[in-house]
Amino acid sequence: MLHELTLSALTAKLAAGEVSAREAMLACLDRIDAVDGQVNAFMSLDRDDALGQAEAADAALANGSTHAAQPLLGVPVSLKDLFCAKGQPANCSSKILGDFRSPYDGTVVRKLRDAGAVLFGRVNMDEFAMGSSTENSAFGRSHNPWDLERVPGGSSGGCAASVAAQECFASIGTDTGGSIRQPAALCGCVGLKPTYGRVSRYGVGAVASSLDQVGPLARDVRDSATLLGAMAGHDPRDSTSVPTEVPDYAAGLGGDLKGIKLGLPREYLIDGIDPEVRAAFDAAVKQCEALGAEIHEVSMPHTEYGVATYYIVATAEASANLARFDGIRYGERVDGDDPFSLYCNTRGRGFGEEVKRRIILGTYVLSSGYYDAYYLRAQKVRTLIKRDFEQAFETVDALITPTVPAPAFKAGEKMDDPLQMYLSDIFTISCNLAGTCGISLPCGFTSDPKLPIGLQLLGKPFGESELLQIAHAYEQATPWHTERAAL
Amino acid sequence: MANNDFDIRYVANLARIALSPDEEAKLGAQLGDILGYVKKLEELDVAGVEPMAHAVPLANVLRADEVRPSIPQEAALANAPKQANGLFIVPKIVE
């Protein structure tokens, strides 16, 4: 069936004229009609716009455009609900944006369009990317395609669910503390968080500006490499994007792991990792060794401070970024007698509980009298966490860890205990604080119920090529990425 | 280890968020717990450690100071909750 193909298999068929982009888009729409009532990945869907883009791709193919020049030509790709695409909604899964329509295309959207992608649908997320389960969406949670009672992870849970449910060939998300890698792990797809500064953040709903990074969720490593190549690069509109050349990520794939040194951070292998996750991880490490990698134990002594540091830095930045939602220029407004009460009413009504919790926490840690004790101290600990990575990368090429300590949890399990929810990001958070790159890929399944398990590889800053090569070598030697959820 | 020094009403007011009494009670207790958890950072000696605001420091990123086209006024106002005469309408600020 067409909707089951990888992105690279689809582009081969499109190039050979075996299928049209319109047929590929229709296959996704049919699949959405068949399964999204169960999965609830899509928040909005403009079918006419999607088919129009697909027909334009078919016309381009008929006129001689190639996938060498436009690697995503005719490929349907879904977007997390926080990317600005002209004329389309970007609700950030929040009520506060009302019936907002983006007045412009963000840079990632423009680059994906230039690469020929058919960008369709807004997929679900935790409101303003705050959460690990999509349960914080103002529009209802998404369901894990492997077990509908369980969460797909978050915040890019709709992205991961839409890829795992085969409703699209790939999806674009954002990762602030694990929001691409964690849902990819829980849904059995590949999720890549590029190095901070690798991909432009212009036209992306801003949450924590020093941590947010855009990346792909896809069926395999090659597809992820192709998508990153299409999105990466310097953008004058984002002053934090880095003017470093973009290598051909997909062309570099195909080697083995001979001579590669992988670091096993001893602080990550704590008590409390689910036994099946631990067994799958240990087997993955052995597999990498069998492929030629050297395994070295390394120490990342500040790992246990990652979550605390993150929830100060990320909430502080979010409290500043989300100040823009004031009911004046766009989005929902709840009236008040004066501007002050208008702000308070709009924000009190428009934001969900987790967003309020984080804005208030962020406001507190930045407030007079507490700034030094919380925010400044957290920024210093962030330096120590980054040094852990720098020291580890002096001796190894990449770090190998589980992505999440446990498989997908049941909906509702952690909703009344935000701290427990935060701790599910324990292995993914430090990568964002250090600003380096990371990938999660499938490395096995639990037995009953059958749930995906994720392997995380963390690479050197701007070392995406090598990271993808390592991930690809492991992936091609194992069967996990070929498994599909039965829906 | 809860933090009892945390005044939810005061901070919510700073953040311009109206909370119901139920929300004040629930969020106040949860935030007290979270602040208790982040106190963990006090275990570390950070004397002499430079604070880090960004992972990739880029300084003085400037563009040429020249006039460029921007989105038209109608597009900028299209999402406004209230607008008239090319302006955003807000409640009266001064009597």
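Reckoned from all heavy atoms, side chains included, excluding hydrogens, waters and symmetry mates. All values derive from a computational prediction rather than experimental measurement. Sequence lines set the chain letters: A, B, ... in the order given, protein chains first and strands last, and positions in each chain run from 1.
- Contacts of A:K356 with chain B are made by both backbone and side-chain atoms, with heavy-atom separations under 4.5 Å.
- Each of A:F340, A:Y343, A:Y422, A:F351 has some count of heavy-atom pairs under 4.5 Å with chain B, and the biggest count is that of A:F340.
- Proximity to chain B (any heavy atom under 4.5 Å) is restricted, for A:S241, to the backbone atoms N, CA, C and O.
- Going from atom CD1 of A:I328 over to atom CD1 of B:I89 covers 10.5 Å, rounded to the nearest 0.5 Å.
- The two residues A:Y330 and B:P81 make their nearest non-hydrogen contact at N-CD, 3.9 Å.
- Contact tally against chain B (heavy-atom pairs below 4.5 Å) for A:G435, A:P339, A:G197, A:G98: the top residue is A:P339.
- Residues of residues 44-56 of chain B lying within less than 4.5 angstrom of chain A, judged on heavy atoms, are B:L44, B:V46, B:V49, B:E50, B:P51, B:M52, B:A53, B:H54, B:A55, B:V56 in numerical order.
- Separating the CG atom in B:L27 from the CD atom in A:E354 is a distance of 8.5 Å, to the nearest 0.5 Å.
- With a 4.5 angstrom heavy-atom cutoff, A:L423 touches chain B only via side-chain atoms.
- B:K40 and A:Y305 make their closest contact through O-CE2, 3.6 Å (heavy atoms, listed as atom of the first residue, atom of the second, distance).
- In this structure, the separation between CG on A:D335 and NZ on B:K82 is 4.0 Å, given to the nearest 0.5 Å.
- Between chain B and the residues A:T195, A:D337, A:V307, A:D99, the most heavy-atom pairs under 4.5 angstrom are made by A:V307.
- Interface residue A:T309: backbone and side-chain heavy atoms are both found under 4.5 Å from chain B.
- Here the straight-line distance linking atom CG of B:L31 with atom CZ of A:R358 works out to 11.0 Å at 0.5 Å rounding.
- Side-chain atoms of A:R347 come within 3.5 Å of backbone atoms of B:A15 as a donor-acceptor pair (strictly under, hydrogens ignored).
- Residue contact with chain B, scored on non-hydrogen atoms closer than 4.5 Å, is absent for A:S341.
- When side chains are defined from C-beta on, A:R329 does not count as touching B:N79, because their heavy atoms never get closer than 4.5 Å.
- Looking at A:A378, both its backbone and its side chain come within 4.5 Å of chain B, counting heavy atoms on both sides.
- Taking 4.5 Å as the heavy-atom cut-off, the residues of residues 311-322 of chain A that approach chain B are A:I312, A:E317, ordered by number.
- Residues A:I360 and B:L19 have side chains in contact (heavy-atom distance under 4.5 Å, counting atoms from C-beta outward).
- For the atom pair OH of A:Y374 and CG of B:L41, the computed distance is 10.0 Å after rounding to the nearest 0.5 Å.
- The residue among B:P91, B:A78, B:A12 with the most heavy atom pairs within less than 4.5 Å of chain A is B:P91.
- Within the 4.5 angstrom heavy-atom criterion, only side-chain atoms of A:Y370, from C-beta onward, approach chain B.
- Looking at residues two or more places apart in sequence or on another chain, you find a side-chain hydrogen bond (donor to acceptor under 3.5 Å, both in side chains) between A:E353 and A:R357, B:K26.
- If you measure heavy-atom distances from A:L433 to chain B, the contacts under 4.5 Å come from the backbone alone.
- In this structure, the portion of B:E23 lying under 4.5 Å from any heavy atom of chain A is its side chain and not its backbone.
- Other residues, nucleotides and ligands contribute only 12 or fewer heavy atoms inside 6.0 Å of the CZ atom of A:R237.
- Between chain B and the residues A:G331, A:P236, A:S367, the most heavy-atom pairs under 4.5 angstrom are made by A:G331.
- What you find for B:Q30 and A:D416 is that their closest heavy atoms are NE2-O, 3.8 Å.
- Between chain B and the options A:V365, A:N432, A:I359, A:L361, the largest number of non-hydrogen pairs under 4.5 Å is found for A:L361.
- Contacts between residues 58-74 of chain B and chain A, counted as heavy-atom pairs separated by less than 4.5 Å, involve B:L58, B:V61, B:I71.
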